[in-house]
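Right, one structure below, let's go through it.
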Amino acid sequence: MKYDFKKIEKKWQKKWEQEKVFEVEVEKRKKKYTIIEMFPYPSGEGLHMGHALNYTIGDVFARFKRMKGFNVFYPMGFDSFGLPAENAAIKVKEHPKKYTQRAINNYIKQQKALGLSYDWSKILSTSEPEYYKWNQFWFLKFLEKGLVYRKKSFVNWCSKCKTVLANEQVQGGRCWRHEDTEVEIKQLEQWFIKTTAYADELLDCIDNLKWPDKIKTMQKNWIGKSHGIEIDFEVENSDKTTISNVVIVHGCPGDEEKAMNPKTRTYDKHWIPWIKNKLEKKEIKVFTPLMPEPWKANYSQWKKEFDKLNVNGKSVLIGHSCGCAFLVRWLGETKKKIKKLILVAPWKIAQSGNAEEEFYNYEIDESIKSRIDEIVIFTSNDEEEDGKKSVKIFNKLIGGEIIELKNHGHFTLGDMGTEEFPELLSKIVGNKSWPIFTTRPDTLFGVTFMVVSAQHPNLMELVTDNQKKDVEKFLKKIKSVSAKEMENLEKIGVFTGSYAINPVTKNKVPIYSGNFVVADYGSGMVMAVPAHDQRDFEFAKKYGIEIKQVINCEEINKKAHIGKGKLINSDKFNGLDNEKAKQEITNFLIKNKLGRKKVQYKLKDWLVSRQRYWGTPIPVVYCDKCGIVPVPEKNLPIVLPDKVKFGKGNPLETNKAFVSVKCPICRGNAKRETDTMDTFFDSSWYYLRYSDNKNRNLAFDKKKVEYWLPVDQYIGGAEHACMHLIYARFFTKALRDLGFLKFDEPFLKLFNQGMLHGPDGEKMSKSKGNIINPDEVSEKYGMDSARFFLLALALPDKSRDWSEEGIQGSSKFLKKILDYFNNVKIGKSNVKIESKLNKIIKEVTTQIENFKYNLAIIKIRDLFNSLSSEESKDVLEKSLKLLHPFCPHITEELWEKIKGKGFISLSRWPEADEKKIDENLDKQEELIKKLKSDIEKIKKLTGHHRRTPRARNALQGAKKNPKIYVYVLPNELKTYQEVEEINLYAVNDKNKYDPENKSKKVKPNRPGIYLE
RNA sequence: GCGAGGGUGCUGGAGUGGUCAAACAGGAUGGACUCAAAAUCCAUUAGCUUAGUGCUUACGCAGGUUCGAAUCCUGUCCCUCGCACCA
């Protein structure tokens, strides 16, 4: 019979939709099960068969869990912001909004045609203001909490995407979207999210997740936690010890210090005496002038005092707090040239400062930065708000490097908890000390050189005039290396001219710049121990650097010695086992304040700003007076303007109406941020929004989120291991700490589906022309056939190739089932089939539970193949149910036929009845099968149809169409009873007819056969 | 280089100590049906041999453990995926 699959599919898809079969609501009493597939980016090209496979894998699971009695939450949405829409807009001149809407509509249509059981009422799309309003909301919350910050740093830029990229989006030095495009390193100011704040928790929770091990290890490696020690190495650059003097201007204390004597007052204390002492030991002249009446500081009085000092082009000026305000004003007025200006916790806000108002109220002269070699501003994460504002004010006009330290408050003794301020010291003397991270302190005595990253921002500070040419040549050379060569690049480097001093041996070792050191891991410089590190070894061999053995082993010739051993050449640590030495040396360094224990992560903060249009606008404005100002929550969403000009850079920049705004604080003129958010921001929390997708007042209702989330089963590709999946985990934790969520992890279980390749075994792509279109397949064979075929092909997490014959086979099988149900007589079933059915129910249930769909399908095939022309209604129903998750349409159709009403989609999954399972029946069946096949063979060889040469041979000496006698053991008589066209005897049968004594050879399960 | 997972018949892919020449499917070959084809059904599909039981060779390669290995162990080669100079 012919079947109109398309008609059946349409019929049921319509019914499911009309009767809202898959729509769910919070039902406190029912156990929920949430299944979410990574939502797609709606591409204009529509779905191909590979997508169909991905969704079907989830759908089978959802249908199964639903039948198992769970309140199944299975929504779908669209990750609709993103570059392709914008690029299409530029190319075909269609607005991204239109393009996206069209693509989404097409997706929905296609997805519905696949027979997926989504609850479409929960749909969302990230490019709608109702959604991205909450992106902006989260951004502001993060900002408040200090989880978002803006920083100038070295970032990755893709020239094709025309935007910066997050670390996670750079793969092997290339853009994740453009495998042929090497990213450029640029120094830019960008927005970052402090994912590193959760590095430890992200790492620790991984083990509790039921995720594929592969993904778990990938994430662990990405976070890359390692324990080690940071050792301070003094760095010497003979060219740069050219400071004539250092002047430190203290801040302004409150009135209470007026009466205090020099011993008890604090304003010229905290780190000032310490730094003075340190510098004087290095024979640097230090002035720490006491300014007149600092509790009511007056600029001209201070100036009089200050002018007494010899400030010249080689001076370093340091200010603390309002001392900074003084220095900047003084530098502006006198137009003096100096070497360095260092502002420590600067202050420029009159209302909250201790000095007279006129002291602060002056215009900063921007030109001073042209007269100073280096400007540095120190601040702290826990500085007061006005202090932070002051930093921004100074930085905006005179620039300079901002160094934010942790828990230093206003850099007074109480705030810092110590008078030591080594960061300042190193800034004054020009990075005189570098902290070096190592996990091998046991080899410290074997350090024979240092290597600093060629990309390090402070590299040039180490380079002496003599070496400048060489270094520049080297930098040029490594820049021209193509991405391909990067893969097994030779380690090369160049001497910088500077030396480092080993803190324990006091040996002077050369500092090289090398292409194999990562700039932003550790401090960007490594201590090299060529005897015990392969990389260092190669480098040392190449440049003829000394190789000093410190762990006892054989002569080192071709390879470094990496393993264990006892220490040698290591002074008082000699003879120690190297593992033991690690601890001892670490303790020694800590005791002598030469180093500290350090945990180092590979994970970096997430760069979220993008210089593109089609994304969520970042909700801040830049005000000339107030600096960076967050947009008040009540003004959200900041809607992306429709009317923009595409083509040159970010269209938002040229949109005046969007850019020019009033400052929310001072009402003055301000500029809106034109960067948009990385679309991974959108996808970091969409699963939460599903639970309450229409809420206009909240991102989601707490009760709804708490019922439906976290996701029980998440399904998606492995390519997101270190991107989406880390961001989403971070988000969940951050929102938890902001009080929005109660759980720690978004996705309890994760399944990675495999990929569907084209018939040629290649990845499906338009350019290869091997794309299989689901619409066409469904037209030809029906969607159920396609689903059945795709899932039968391989384990769902393995990749597979599409094949036309394959789907024909599946289609045949389904037709057979339809035929069978059209002809089957409903009556009684025998014990055998009952046993088989129950056994298979048991197997299929666990197989689906464990995503072994292909094995489940094998069993289901076996089951249907064993059904006879008459079966009980119960057997038929249960069999259909087993098939339903895979082939939802035809099973609904057949269900209607035998049951008359209701949806099989909503029926209960069958339970296996253990009592009915009889293992022996199976074995018996096999024996019969074997005997039947033997008889078949004999008949063929002796019958009329002998067309093969073999059959002709075999016939010699045998009668045509002989009678067949079969002898079995008496207890097996019953087993073989049903084999037709033979004469069956038990070996001890009285009536036996056995001229050749065949019965003597009969063994258990092995009948004897005699032909007459 | 490191980490993870693999290598089974013509193909996809089951199988983790005997019941395995190896599920299930696809392909191929032969047969039944038919005037013929498609569809359907049946059989065969490592080699030799027998009516049948039998024998030989096989689960990347080479060894080992065992009464017995696709399955356990050791070494080795190859493939796929991920990270990539992380100190």
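Naming convention: chains lettered A, B, ... in sequence-line order (proteins, then strands); numbering from 1 in each chain. Reckoned from all heavy atoms, side chains included, excluding hydrogens, waters and symmetry mates.
In a base pair of the Watson-Crick type (N1 to N3 plus N6-O4 or O6-N4) or a G-U wobble (N1-O2 and O6-N3), with each distance short of 3.5 Å, B/A62 is matched with B/U74. Nucleotide B/A51 is matched to nothing when pairs are restricted to Watson-Crick or G-U wobble geometry with both distances under 3.5 angstrom. For B/A38, there is no paired nucleotide, since no Watson-Crick or G-U wobble pair has both relevant distances below 3.5 Å. Under the Watson-Crick or G-U wobble criterion, with both distances below 3.5 Å, B/U44 is paired with B/A28. Judged by Watson-Crick or G-U wobble contacts below 3.5 Å, the nucleotide B/C33 has no partner. The nucleotide B/G17 finds no pairing partner, because no Watson-Crick or G-U wobble arrangement with both distances shorter than 3.5 Å includes it. In a base pair of the Watson-Crick type (N1 to N3 plus N6-O4 or O6-N4) or a G-U wobble (N1-O2 and O6-N3), with each distance short of 3.5 Å, B/C2 is matched with B/G82. Pairing partner, B/U57: none, since no Watson-Crick or wobble contact has both distances short of 3.5 Å.
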Residues 442-449 of chain A, side-chain donor-acceptor partners within the protein, below 3.5 Å, at least two apart:
from     : atom 1 : to       : atom 2 : distance (Å)
A/Asp442 : OD1    : A/Arg440 : NE     : 3.1
A/Asp442 : OD2    : A/Arg440 : NE     : 3.3
A/Asp442 : OD2    : A/Arg440 : NH2    : 3.1
A/Asp442 : OD2    : A/Asn578 : ND2    : 3.1
A/Thr443 : OG1    : A/Arg440 : O      : 2.9
A/Thr448 : OG1    : A/Glu546 : O      : 2.9

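With the nearest nucleotide of RNA chain B identified for both A/Ser226 and A/Val170, A/Val170 has the one nearer the 5' end. Across the interface with RNA chain B, nearest-nucleotide mapping of A/Gly809 and A/Lys812 shows A/Gly809 to be the residue nearer the 5′ end.
Between A/Lys852 atom NZ and B/A23 atom P the separation is 20 Å, expressed in whole Å. Distance A/Asp213 CG to B/G82 C1': 14 Å, rounded to the nearest Å. Residue A/Lys815 contributes atom NZ, which lies 8 Å from atom P of B/U40 at whole-angstrom precision. A straight line from NZ of A/Lys798 to P of B/A4 spans 17 Å, rounded to a whole angstrom. One can place CD of A/Gln847 at 12 Å from C1' of B/A23, the figure rounded to the nearest angstrom. If you take CG of A/Leu855 and P of B/G13, they are 13 Å apart, rounded to a whole angstrom. The separation between A/Gln808 atom CD and B/G12 atom P is 19 Å, rounded to whole Å. A/Arg800 places its CZ atom 21 Å from the P atom of B/C24, with the value rounded to the nearest Å.
Aromatic ring orientation, A/Tyr727 versus A/Trp606: parallel (interplanar angle below 30°, classes split at 30° and 60°).
Comparing B/A38 with B/A32, their P atoms sit 14 Å apart, to the nearest whole Å. With both ends at atom C1', the span from B/C33 to B/C41 equals 9 Å, rounded to whole Å. With C1' as the reference atom, B/U40 and B/G54 are 37 Å apart, rounded to whole Å. When the P atom is used for both B/U44 and B/G26, the distance is 16 Å, rounded to whole Å. When the P atom is used for both B/A25 and B/C78, the distance is 37 Å, rounded to whole Å. Rounded to whole Å, the separation between the C1' atoms of B/U71 and B/G82 comes to 29 Å. B/G9 and B/C61 have their P atoms separated by 10 Å, given to the nearest Å. One P atom belongs to B/A58, the other to B/C77, and the distance between them is 23 Å to the nearest Å.
Across all strands, A/Lys214 comes closer than 4.0 Å only to sugar-phosphate atoms, never to a base (heavy-atom distances). Among the heavy atoms of the strands, none lies under 4.0 Å from A/Ser803. Within 4.0 Å of A/Leu795, counting heavy atoms only, lie sugar-phosphate atoms of the nucleic acid but no base atom. Looking at heavy-atom distances under 4.0 Å, A/Arg535 makes contact with a base. Using a 4.0 Å heavy-atom criterion, one finds that A/Val517 contacts the bases of the nucleic acid, with or without backbone contacts as well. Residue A/Lys816 is classed as a sugar-phosphate contact, given heavy-atom separations below 4.0 Å to backbone atoms only.
Closest to the side chain of A/Phe516, from the set B/A14, B/G3, B/C85, is B/C85. Considering only the side chain of A/Trp222, B/A84 comes nearest among B/C86, B/A87, B/A84. Out of B/A23, B/G13, B/C41, the shortest distance to the side chain of A/Ile858 is found at B/A23. Residue A/Arg861 has its side chain nearest to B/A25 when only B/A87, B/A25, B/C85 are considered. Comparing B/C85, B/A14, B/A87 against the side chain of A/Val526 picks out B/A87 as the nearest. If you check B/A25, B/A87, B/G13 against the side chain of A/Asn854, the one that comes closest is B/G13.
For the pair A/Lys798 and A/Leu795, the minimum side-chain heavy-atom distance is below 4.5 Å.
Applying the ring pair (Phe, Tyr, Trp, His ring centres under 6.0 Å) rule to A/Tyr853 yields the partners A/Phe851, A/Phe886; only residues at least two apart in sequence or on another chain are considered.
Ion pairing of A/Asp207 with A/Lys220 is present here, as a side-chain N (NZ or NE/NH1/NH2) and a carboxylate O approach within less than 4.0 Å.
Atom NZ of A/Lys225 has more than 12 heavy atoms from other residues, nucleotides or ligands within 6.0 Å.
For A/Arg535 and A/Phe516, the positive end is not near the middle of the six-membered ring at less than 6.0 Å and at most 45° from its axis.
Residue-to-nucleotide contacts include no donor-acceptor pair under 3.5 Å from the side chain of A/Lys602 to the base of B/C86.
Residues A/Leu756 and A/Leu53 share a closest heavy-atom pair of CB-CD2, 4.0 Å.
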